[in-house]
Amino acid sequence: MAIPTKEEMYRALEERHGAELQKKLTAASVAVCGLGGLGSNIAIALARAGVGRLHIIDFDRVDISNLNRQQYYPEQLGLYKAEALYDTLSRIAPYCGIRRESVKLTEENIPELLADADIICEAFDAADQKAMLVNTVLEKMPEKYLVSGSGMAGIAPSNTISTRRVTKRFYLCGDGVSDVADGMGLVASRVLVCAGHQAHAVIRIIAEEYDV
Amino acid sequence: MLTINGKEYDFRGMTVAEVLKELGYGEQRVAVELNESIVPKAQYGTTTLFEGDHLEVVRFVGGG
């Protein structure tokens, strides 16, 4: 079956979200940094919601160990995550403007690479990399909104995961304590809860609803 | 007294780096906000805390 036209897709979104919110979502530009369990799920939620421009970034390739929670398929093993997710997002939201990059984000390249985004999602795996991205954005790009995730390993209750507004433009999702380094694995359902918190924080910022 | 993550401490005169060490936070895994402004990592050793300061230490854990 032929895919719907851009106008048909837009009207369907407008009917569900309301004209005012859909206009804001379509005008928004969001960067998702890290395309693992958090980032792949965040990007899909935002694409489905009709966010107009997505910038997806990850240096890594799809590995068999990712399939328990990340939005990739067995036939995508070995592909760059940014390329594999680009294919999936293009099928979900064919009219979304998606920029993808298979590079490692560093203190040096972050200001230039993330300049196009209104809102930046931190969705890395390693704690020191999370801190690096958050510190770099807060120090060098104070005009951006930043939504970070920390603490979603293991099978503790989903209700321990929350969204906190640390400062005016910095939101932190997760339980803050469950660390993979403590031997807890990452389980699809709980990672999804945190990804859902992050994606929803982004949607609320776009809607200009800033409280949590 | 000053406030760190909502709790009161008598850490007046200490630097951010000293406070992080005292409370057991690793510098590579935190972001620090002093009175709603980010403290650049390069300034942890030279930023001194005063009476009434509000320090927020965000600690990151692994997983994503």
Side-chain angles (χ1 to χ4, degrees), chain A residues 33-42 58 69-70 107 121-142 146 148-154 164 166-172 174-182 184-187 190-191 194-195 198, chain B:
Chain A
C33 306
L35 305 175
L38 294 175
S40 62
N41 284 299
I42 292 167
D58 197 308
R69 67 191 189 283
Q70 307 185 14
E107 275 175 61
C121 276
E122 178 283 306
F124 288 158
D125 193 0
D128 60 336
Q129 291 303 296
K130 288 174 177 289
M132 183 278 295
L133 176 59
V134 166
N135 279 296
T136 304
V137 172
L138 293 176
E139 281 177 35
K140 298 183 180 170
M141 310 168 85
L146 174 63
S148 178
S150 176
M152 78 299 298
R164 191 157 71 90
V166 180
T167 50
K168 201 174 165 207
R169 288 167 181 265
F170 173 33
Y171 293 73
L172 185 65
D175 68 16
V177 291
S178 299
D179 192 339
V180 280
D182 296 335
M184 285 177 277
L186 292 158
V187 181
R190 198 156 191 265
V191 176
C194 190
Q198 288 187 257
Chain B
M1 298 300 268
L2 51 95
T3 312
I4 303 172
N5 293 355
K7 279 191 194 166
E8 291 204 327
Y9 293 87
D10 190 11
F11 285 165
R12 284 168 299 180
M14 285 170 74
T15 64
V16 169
E18 287 166 344
V19 166
L20 292 176
K21 199 170 173 200
E22 178 74 26
L23 297 178
Y25 290 108
E27 281 193 19
Q28 294 310 310
R29 294 181 169 206
V30 295
V32 180
E33 305 259 5
L34 177 58
N35 304 325
E36 296 266 311
S37 295
I38 184 81
V39 182
K41 248 183 208 321
Q43 291 170 24
Y44 285 178
T46 53
T47 303
T48 305
L49 300 172
F50 295 97
E51 176 74 28
D53 274 347
H54 287 270
L55 197 72
E56 185 76 30
V57 181
V58 176
R59 185 179 73 110
F60 293 95
V61 296

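Please read these numbers as outputs of a predicted model, since none were measured by experiment. Chain identifiers are assigned alphabetically (A, B, ...) following the order of the sequence lines, protein sequences preceding nucleic acid strands; residue numbering begins at 1 within each chain.
- B:Glu56 has a carboxylate O that lies under 4.0 Å from a charged side-chain N of A:Arg164, or vice versa, which qualifies the two as a salt bridge.
- For chain B, the nearby part of A:Ser178 is the backbone; its heavy atoms alone come within less than 4.5 Å.
- At a threshold of 4.5 Å between non-hydrogen side-chain atoms, the residues A:Val177 and B:Val61 do not count as touching.
- Residues A:Glu139 and B:Pro40 approach most closely at OE2-CA, 3.2 Å, considering heavy atoms.
- Contact between A:Gly176 and B:Arg59 at its shortest, heavy atoms only, is O-NH2, 3.9 Å.
- Residue A:Val166 touches chain B through both its backbone and its side chain, counting heavy-atom pairs closer than 4.5 Å.
- Heavy-atom distances place the backbone of B:Val30, and not its side chain, under 4.5 Å from chain A.
- For A:Lys140, no part lies near chain B; criterion is any non-hydrogen pair under 4.5 Å.
- Chain B forms the most heavy-atom pairs under 4.5 Å with one residue out of A:Asp128, A:Leu172, A:Asn135, A:Thr136, and that residue is A:Asn135.
- Taking the side chain as every heavy atom from C-beta outward, B:Arg29 and A:Asp179 approach each other to under 4.5 Å.
- Closest approach of A:Ala127 and B:Phe60 over heavy atoms only: CB-O, 3.4 Å.
- For the pair A:Phe170/B:Val58, a side-chain contact is recorded, criterion being any heavy-atom separation below 4.5 Å from C-beta on.
- When the candidates B:Gly63, B:Ala31, B:Gly26, B:Ser37 are compared by the number of heavy-atom contacts under 4.5 Å with chain A, B:Gly63 comes out ahead.
- Contact annotation for B:Glu33: only side-chain heavy atoms (C-beta onward) come within less than 4.5 Å of a heavy atom of chain A.
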